[in-house]
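Remember, it's a predicted structure, so these values are computed and weren't measured experimentally.
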4 protein chains.
Amino acid sequence: MREQENLLEELFNQDKDFTDKQKKILIAAIESFAEKGYASTSTSEIAKKAGVAEGTIFRHYKTKKELLYFIVEPMIKKVIAPFVIKDMRKVLDQEFEEFEDFLRAMITNMLLFISENKLLFRILIQEIPFQPELREIFKKHIATEVITRFSELISYYKEKGQLVDLSTRAIIRSVVSSIFGYIIARNILAPEIDWNNKEEMEQTIQFIMYGLKRK
Amino acid sequence: MREQENLLEELFNQDKDFTDKQKKILIAAIESFAEKGYASTSTSEIAKKAGVAEGTIFRHYKTKKELLYFIVEPMIKKVIAPFVIKDMRKVLDQEFEEFEDFLRAMITNMLLFISENKLLFRILIQEIPFQPELREIFKKHIATEVITRFSELISYYKEKGQLVDLSTRAIIRSVVSSIFGYIIARNILAPEIDWNNKEEMEQTIQFIMYGLKRK
Amino acid sequence: MREQENLLEELFNQDKDFTDKQKKILIAAIESFAEKGYASTSTSEIAKKAGVAEGTIFRHYKTKKELLYFIVEPMIKKVIAPFVIKDMRKVLDQEFEEFEDFLRAMITNMLLFISENKLLFRILIQEIPFQPELREIFKKHIATEVITRFSELISYYKEKGQLVDLSTRAIIRSVVSSIFGYIIARNILAPEIDWNNKEEMEQTIQFIMYGLKRK
Amino acid sequence: MREQENLLEELFNQDKDFTDKQKKILIAAIESFAEKGYASTSTSEIAKKAGVAEGTIFRHYKTKKELLYFIVEPMIKKVIAPFVIKDMRKVLDQEFEEFEDFLRAMITNMLLFISENKLLFRILIQEIPFQPELREIFKKHIATEVITRFSELISYYKEKGQLVDLSTRAIIRSVVSSIFGYIIARNILAPEIDWNNKEEMEQTIQFIMYGLKRK
DNA sequence: CATGAATGAGTTTTCATTCAT
DNA sequence: CATGAATGAAAACTCATTCAT
């Protein structure tokens, strides 16, 4: 995986219009939103952290909410969806003969992406329960796009006889739960533990493929 | 499971000192906290919803935060822990010879419990990222208590030769992820879908036990 | 005219729910709005003048605009309209045989009323150009109600052969202009002059009835 | 009346130093001030409407208030006063033998002038109550200059035996009220009505000269 | 000349909390 | 016990004005 997947840097690089102060505002906002949540973060606090006058924030983002969306939308829109889709293309192009190979590639990608964008990811999952509009965008882009593609893919491997006879929905849910379970445990519940990424990942794949029952 | 597992009712029943107004305050607070989050819910809003004067809230709970803890602590303290522990005793008392039987009992219990306490559950998982003190309590009671017991239990079934050779941590994580994945999908992500509880549960157990790989 | 026509006192008397602070807020707001205009008066200024915390204002009036409307609406709604209408009834009840008698009564009433409610009157005419909603209310209550009644009355005296052959609209406009011309000169343009009310009024009536041309 | 009486155009013509941007700023400011009032118009709004950067406004006018004065002063100073005085000279030069002729000429002039400068006129009468400095200028130029001249003129016609025996002040007030009553009704209160200018004017003159009493 | 980012003081409004009744 | 008026600190947001480019 050569590409730099840090969304914020990508944003700063591709759009040269960002003032130095503007960048500082974004960084400060991201840190505070991730730590204390959108609702408990005051604009004066962001301003102080960014070393900027409070008015400056509102020069760039009409409202505090606009600032949140500006931070969180790219995470959903421009990235997550195509990100997953990329891997799916490879599958259909026979790049992954075995489902397990696909799984390994996808997990690797997701872990890398999320570890590069930890704070953005935290904000996203923390705010989705409270921001109906955000939830809508999320549903449209994830629930619709990703689930559709993922379903096709599951069907593909099912037809190849590689997968057990569970409903596609249950399979997707199980895979996603297992992956996000790991991500959340690692990044949110117990970030202080020194995780052995490689092994945990391998065990997760093991679990997804073979379950817990000893043969 | 004969017992009524609705925490709020239980609370109201066992403690006769609750005024009518006090109950209304709790119900209103729970609804609002679940829907908009603790930080975005104002006490005046709760008062209005409860049909109570603003001051009345503070007669019963010194601060807004105390109100939150009052709501959320029983969920953690008095209930979750013993709840799980109860089942574990049964295991150790040879009630569940097979891990799968234990799993089935535990999932059934949890689903019932959470469907009875949907709002409390939402509040809990939504606020944990923002309330460090809550997180501490949670960690102490879940991470410590439950994980310890659960680990013993996993070891027990491992020794009986029923479980695959993954690290205990990975097993716990996988099981918990799979269950919570279902609960969250059902109750938070897509509550509008008409879920076939029984079948989804069975498929989840199936997945946990046997994985996705076709033999 | 026995009746007390001070709108504010009337309001305070009839509605016993007014707190002392609430009255002070209204008085302070009226003074400031009259002097500097709605837009240039800050709520903090009103609070200071009323000897009240700024929050107290918003306890009683959700927004600054609501405070303005609360002050200015009674002036339009409950008072001006019926005020004029009262006199009109007397006309139709043959109380005023001559148009001039009616005119004298109406002018006396208006002058009294406005001198009792100088500040409210100032606010009203100063803000009408800027508050479209206010303008709407004003139009509905004055333009519709009053003009209709006034038209009937003019027709009545026209039929009696007492009035010159100008369009009803022009007559109304002329009478109203003459009266308001005096009121505004007296109360807004040159309040420092010591006006001889009685004589000025008589001259105004003289002008309205006989014009400027010497016979 | 051959002369172009549009103050703004006159200003732009005589002073060639006006940049295109400067003109746009003035036009935008005039529109906004007239519509929403000086206090409720923000400089950023003017800048946006003028298609100009915020700073550009302050390049030309040190403060927002200076911009207002720049707009409104010519209306008072350079124009109103000499405008009326011009007619008065003609009177004294025996151009108008009858007061009615003078009246007709003056009203025609004023209506034309105001219809050419509607927005400026609106701003002037709307802001006078709020801008003490403006009120001073106005008083000095109108109250002093115009009233003095007008008084002489009234005395002149009085001596000629053409005018009724009212105080000069009452006469001035009545004439001015009648004219402004029409102007305000036409331009501010009910601009949507399709006024028959010629006839309304004639009726106004009729009223001023002969009053309402049928002979 | 023109720009527009930046400012900081000020504005309206919200809110948890207190307290006299 | 309950009320709701009152508070004041802080929140979000606005705005005239400055200044480096």
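- As rounded to the nearest Å, F/dT21 and E/dC1 have P atoms that lie 22 Å from one another.
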Q) Under the side chain to side chain contact (heavy atoms under 4.5 Å, CB included) criterion, do D/M75 and D/F138 qualify, and how do the steps go? A) CA-CA 10 Å; D/M75 183 84 183; D/F138 183 81; over 6 Å; no
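- Among all heavy-atom pairs drawn from D/T41 and D/G37, the shortest one is OG1-O, 2.7 Å.
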Please tabulate, one pair per line, all N/O donor-acceptor pairs under 3.5 Å involving side-chain atoms of residues 123-132 of chain B, not counting sequence neighbours.
unit_1 : atom_1 : unit_2 : atom_2 : d
B/E127 : OE1    : B/Q131 : NE2    : 3.3
B/E127 : OE2    : B/Y38  : N      : 2.8
B/Q131 : OE1    : B/K65  : NZ     : 3.4

Q: Toss me the dot-bracket line for DNA chain E: Watson-Crick and G-U wobble, both under 3.5 Å, 5' to 3', using | for pairs to another strand and [ ] for crossers.
A: .||||||||||||||||||||
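- The CZ atom of A/F58 sits 17 Å away from the P atom of E/dT11 (whole-angstrom rounding).
- Of the possible polar contacts, one joining the C/E54 side chain to the C/S44 backbone as a donor-acceptor pair under 3.5 Å is found.
- Summary of the strand contacts: B/Q22 and C/R59 both lie near DNA chain F, and taking for each the nucleotide with the nearest heavy atom, the more 5' one is attributed to B/Q22.
- D/Y69 has its side chain within reach of D/E133: a pair of non-hydrogen atoms, C-beta onward, lies under 4.5 Å apart.
- Both A/I57 and B/A39 lie near DNA chain E, and the one whose nearest nucleotide falls closer to the 5' end is A/I57.
- The number of heavy-atom neighbours closer than 6.0 Å to NZ of B/K23, taken from other residues, nucleotides and ligands shown, is above 12.
- A/E54 places its CD atom 12 Å from the C1' atom of E/dT11, with the value rounded to the nearest Å.
- Closest of all the heavy-atom pairs between C/A39 and D/A39 is CB-CB, 3.7 Å.
- Shortest non-hydrogen contact noted between D/L8 and D/N6 is N-OD1, 3.0 Å.
- Both B/K65 and A/H60 lie near DNA chain E, and the one whose nearest nucleotide falls closer to the 5' end is A/H60.
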Atom pairs and distances, donor-acceptor, side-chain atoms in residues 29-36 of chain C, under 3.5 Å, two or more places apart:
unit_1 : atom_1 : unit_2 : atom_2 : d
C/S32  : OG     : C/A28  : O      : 3.4
C/S32  : OG     : C/K49  : NZ     : 3.1
C/K36  : NZ     : C/E45  : OE1    : 3.2
C/K36  : NZ     : C/E45  : OE2    : 3.3

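- Inter-residue side-chain proximity for B/T43 and B/L67 is flagged as unmet; no heavy-atom pair is nearer than 4.5 Å.
- Under the ring-ring contact (aromatic ring centres under 6.0 Å, His included) criterion, D/F58 pairs with no residue, sequence neighbours left out.
- Within residues 41-53 of chain A, the residues that place at least one heavy atom under 4.0 Å from DNA chain F are, in residue-number order, A/T41, A/S42, A/T43, A/S44.
- First and last contacts of DNA chain F with chain D, using any nucleotide atom under 4.0 Å from a protein heavy atom and ordered 5' to 3', fall at F/dC15 to F/dT18.
- If you find the closest nucleotide of DNA chain F to B/K21 and to D/Y38, the one lying nearer the 5' end belongs to B/K21.
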